[in-house]
Amino acid sequence: MPEITIKYFAALREQAGCSEERRQTAVASAAELYRELQAEYGLSLDIQHLKVAINNQYCPLTQPLQNGDTVVFIPPVAGG
Amino acid sequence: MPEITIKYFAALREQAGCSEERRQTAVASAAELYRELQAEYGLSLDIQHLKVAINNQYCPLTQPLQNGDTVVFIPPVAGG
Amino acid sequence: MFKMFAEPIQDGPLRARLQSARAGALVVFEGWVRNHNEGFAVEALEYEAFAEMALLEAEKILAEARERWAIEAIVGAHRTGLLQIGEIAVWVGVSAAHRGEAFAACQYAMDEIKRRLPIWKKEHYRDRPAEWVNCQHCATAPAHHTHHHSATDGARV
Amino acid sequence: MFKMFAEPIQDGPLRARLQSARAGALVVFEGWVRNHNEGFAVEALEYEAFAEMALLEAEKILAEARERWAIEAIVGAHRTGLLQIGEIAVWVGVSAAHRGEAFAACQYAMDEIKRRLPIWKKEHYRDRPAEWVNCQHCATAPAHHTHHHSATDGARV
């Protein structure tokens with residue numbers, strides 16, 4: 001199974017209880033990965049409010065995952 | 001005759017050769033005063049490019065002058 | 001040049017990058033932590049950044065500004081960590097021959113920084129529990145809340 | 001508050017007036033002496049002000065800005081005397097709860113300062129005699145020159 005690195009920030013980091021993890025997963029897309037994580041950690045943010053970055057590039061949520069990818073789910077931003 | 005104080009700035013100051021003077025004059029308005037000064041000092045600025053302030057207030061060029069008035073002819077500004 | 005600061009932003013080195021004998025105008029924006037937001041008393045702010053992407057995205061924004069306006073230089077910075085009232089959270093400076101371009105480029109960069117950088121803030125309130133701005137709204141009232149990562153909803157400045 | 005400076009403008013005391021725990025945004029504009037104007041190499045600038053009226057008019061402008069936008073504070077300063085390239089000729093700072101108001105008020109104040117304050121500048125060029133900006137045009141080519149005290153004609157920033 002492909003191994004994926006996931007980084008968590010802000011509310012997602014607090015809910016996941018960690019800032020980074022590696023996991024083996026058979027999910028087909030970023031969206032499916034989020035549902036897997038949501039079930040495991042009880043993440044409260046609905047996927048419709050997230051963006052996803054894979055290897056530091058914004059991608060569609062339907063993007064298939066490759067072995068070695070780093071995935072970040074990005075909650076609504078509030079910089080500045 | 002009324003006595004008027006005149007202050008000069010920038011190009012007008014250089015042409016008049018002084019920054020302030022008092023003069024007795026019988027002219028009826030600021031515009032007439034400027035023509036008197038222009039004849040005396042060869043001031044190069046045309047009156048159409050000037051504003052006039054009397055006692056620190058912008059006035060029409062037709063404003064009559066009173067004894068004790070301080071008159072400043074204001075060339076096109078270029079601050080900032 | 002865009003920098004992330006974990007310590008208070010020092011504007012000296014940032015300003016030095018903006019110096020130019022050809023520049024007649026400097027516009028600087030500073031975003032300060034203020035003591036209220038949406039009616040609640042704020043005591044402190046905590047900023048967290050996905051720094052790698054924030055820097056990539058910030059450099060894109062500065063390049064866009066340089067492309068769109070005739071400016072001499074543009075520099076930015078964003079703070080992370082716990083900030084007290086009055087501290088500088090974000091800093092953008094632009095030098096240009098003329099002031100119209102400096103104002104426009106600075107304002108554009110600020111709008112885009114707030115909209116696009118993956119940076120989040122947690123507001124610590126006087127009278128209720130701290131919360132991540134925007135996120136809690138999404139979690140608790142998704143049906144009535146349609147900002148889709150908007151720049152203004154819950155934004156601070 | 002608006003001040004005239006015969007010596008280099010020190011922004012510390014000006015910025016201090018803008019501090020406010022309610023402010024989330026600070027916009028500062030600085031007008032710098034640049035090394036060229038309308039195609040000519042400039043070596044220095046000389047500013048002369050009708051100070052009493054300049055201060056009266058400047059306070060009116062700041063009051064207008066406070067009336068039109070929800071801002072916390074607005075402060076300005078203008079330099080007089082001989083300035084070298086890179087020195088600050090004019091300084092305007094605005095603090096506000098939100099950045100849109102701070103940008104708008106700062107830009108308005110700068111536009112009006114350039115348009116309305118009785119302040120003049122003499123440009124000292126590398127390759128030709130010094131001249132008072134705007135005035136010489138009026139004197140030598142009044143028929144082709146119709147700026148009527150415009151803010152942009154021959155203006156520096």
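Letters A, B, ... mirror the listed sequences (proteins, then strands); counts begin at 1.
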Side chains of C:Phe103 and D:Val27 in contact at under 4.5 Å (non-hydrogen atoms): yes
D:Arg34 side chain reached by C:His98 side chain, heavy atoms, under 4.5 Å: yes
Under 4.5 Å from any heavy atom of chain C - which part of D:Ser20: backbone
Check: C:Gly31 main-chain N/O paired with D:Arg99 side-chain donor or acceptor under 3.5 Å: no
Backbone of C:His36 reached by a side-chain donor or acceptor of D:Arg22 within 3.5 Å: no
Heavy-atom proximity to chain D below 4.5 Å, by part of C:Glu101: neither
More than 12 heavy atoms from other groups under 6.0 Å of CZ on C:Arg128: yes
Heavy-atom contacts under 4.5 Å, residues 6-18 of chain C to chain D: C:Arg15, C:Leu18
Side-chain atoms of residues 56-71 of chain C: list all donor-acceptor pairs with protein atoms under 3.5 Å, sequence neighbours left out, distances to 0.1 Å.
unit_1: C:Glu57; atom_1: OE2; unit_2: C:Arg116; atom_2: NE; d: 3.0
unit_1: C:Glu57; atom_1: OE2; unit_2: C:Arg116; atom_2: NH2; d: 3.2
unit_1: C:Glu59; atom_1: OE2; unit_2: C:Phe2; atom_2: N; d: 3.0
unit_1: C:Glu64; atom_1: OE1; unit_2: C:Tyr108; atom_2: OH; d: 2.5
unit_1: C:Glu64; atom_1: OE1; unit_2: C:Arg116; atom_2: NH1; d: 3.0
unit_1: C:Glu64; atom_1: OE2; unit_2: C:Arg116; atom_2: NH2; d: 3.0

